[in-house]
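Values below: all heavy atoms of this structure, side chains included; hydrogens, waters and symmetry mates excluded.
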Amino acid sequence: MNSGGIGVPLGFPLGPTSVIQVTNLSSAVTSEQMRTLFGFLGDIEELRLYPPDNAPLAFSSKVCYIKFREASSVGVAQHLTNTVFIDRALIVVPCAEVMQPTRTVVMCKTTFDHRENTALGKRPCLISFGS
């Protein structure tokens with residue numbers, strides 16, 4: 001599925017996508033907890049938590065990217081926005097996918113500044129899925 005391309009201006013209407021960005025996550029959250037929470041909404045193809053569970057440094061918050069097998073799961077997942085999980089209200093937004101032969105790159109409308117715990121607005125955030 002190709003939902004966009006590199007160089008697509010931010011603020012573009014998202015086409016069908018199977019990737020979400022979850023921000024405002026507690027620093028205590030784990031990949032397993034995210035997989036359990038969002039796994040009820042659809043089959044998860046891939047999940048990336050930043051910083052990862054084994055990160056040597058402490059951060060005040062985390063961000064997670066989840067790729068579902070079905071794009072319909074993205075709309076359902078967005079309903080979890082403002083749901084308090086551990087100690088924070090989740091922010092769930094869809095991300096545009098750019099398919100490449102060996103990986104998927106996602107571009108989201110909102111980037112989260114982990115140092116300041118604030119949304120930076122419409123800025124690109126490129127995350128590579130796959131090998």
Side-chain angles (χ1 to χ4, degrees):
M1 172 188 326
N2 188 352
S3 301
I6 302 283
V8 175
L10 294 176
F12 61 94
L14 285 175
T17 181
S18 60
V19 179
I20 59 170
Q21 177 192 52
V22 186
T23 57
N24 200 35
L25 291 170
S26 168
S27 60
V29 76
T30 66
S31 296
E32 183 178 337
Q33 291 170 324
M34 295 302 293
R35 189 171 294 278
T36 299
L37 178 64
F38 285 92
F40 288 109
L41 307 178
D43 292 330
I44 295 174
E45 190 172 309
E46 193 166 356
L47 184 144
R48 299 273 178 105
L49 182 64
Y50 297 100
D53 294 333
N54 57 357
L57 300 174
F59 291 87
S60 60
S61 67
K62 293 185 177 183
V63 63
C64 186
Y65 295 89
I66 300 170
K67 182 175 183 181
F68 292 102
R69 291 198 195 285
E70 300 290 328
S72 60
S73 298
V74 170
V76 177
Q78 285 183 274
H79 288 285
L80 287 182
T81 293
N82 291 325
T83 299
V84 176
F85 186 64
I86 300 181
D87 62 352
R88 297 184 181 196
L90 302 178
I91 300 169
V92 182
V93 296
C95 294
E97 297 176 60
V98 179
M99 298 301 289
Q100 296 181 359
T102 58
R103 64 184 181 185
T104 300
V105 176
V106 298
M107 185 167 66
C108 303
K109 286 183 158 186
T110 303
T111 302
F112 195 78
D113 185 342
H114 301 286
R115 296 165 302 203
E116 301 294 329
N117 288 335
T118 59
L120 296 175
K122 296 181 178 180
R123 300 175 85 183
C125 59
L126 299 176
I127 302 295
S128 177
F129 285 95
S131 32

Check whether any side-chain heavy atom of Val19 sits under 4.5 Å from a side-chain heavy atom of Glu46, and report yes or no. no
For Leu41, does its backbone N or O pair with a side-chain atom of Ser73 as donor and acceptor, under 3.5 Å? yes
Give the intermediate values and the outcome of side-chain hydrogen bond (donor to acceptor under 3.5 Å, both in side chains) for residues Asp53 and Thr30. CA-CA 6 Å; Asp53 294 333; Thr30 66; 5.1 Å; no
Neighbour count above 12 (heavy atom, 6.0 Å) for Glu32 CD: no
Restricting to side-chain contact (heavy atoms from CB on, under 4.5 Å), what partner residues turn up for Ile44, sequence neighbours left out? Arg35, Phe38, Leu47, Ile66, Phe68
Can you check whether Val74 reaches Val92 side chain to side chain, under 4.5 Å on heavy atoms? no
Would you say the side chain of Leu25 lies within less than 4.5 Å of the side chain of Ser61, judging by non-hydrogen atoms? no
Are Ser18 and Arg69 side-chain neighbours, meaning at least one heavy-atom pair lies under 4.5 Å? no
Would you name the heavy atoms of Ile20 and Val22 that are closest together and state the gap between them? CD1-CG2, 3.8 Å
Side chain to side chain, Leu80 and Leu37, heavy atoms closer than 4.5 Å: yes
Tyr50 side, atom OH; Tyr65 side, atom OH - distance, nearest 0.5 Å: 8.0 Å
Residues in side-chain hydrogen bond (donor to acceptor under 3.5 Å, both in side chains) with Ser72, at least two apart? none
Which pair of non-hydrogen atoms, one from Pro94 and one from Gln78, has the smallest distance, and what is that distance? CD-NE2, 3.3 Å
List in chain and number order the residues that pass side-chain hydrogen bond (donor to acceptor under 3.5 Å, both in side chains) with Asn82, two or more places apart in sequence or in another chain; answer none if no residue qualifies. none
Taking the side chain as every heavy atom from C-beta outward, state whether Ile86 and Gln33 have any pair of such atoms under 4.5 Å apart. yes
So NZ of Lys62 and CG of Asn24: to nearest 0.5 Å the spacing works out to 14.0 Å
A side-chain contact here means heavy atoms from C-beta on lying under 4.5 Å apart; do Met34 and Val29 qualify? yes
Could you pull out all residues at least two apart from Pro52 that satisfy side-chain contact (heavy atoms from CB on, under 4.5 Å)? Asn54, Ala55
Sorted by chain and residue number, the side-chain hydrogen bond (donor to acceptor under 3.5 Å, both in side chains) partners of Thr83 (sequence neighbours excluded) come out as none
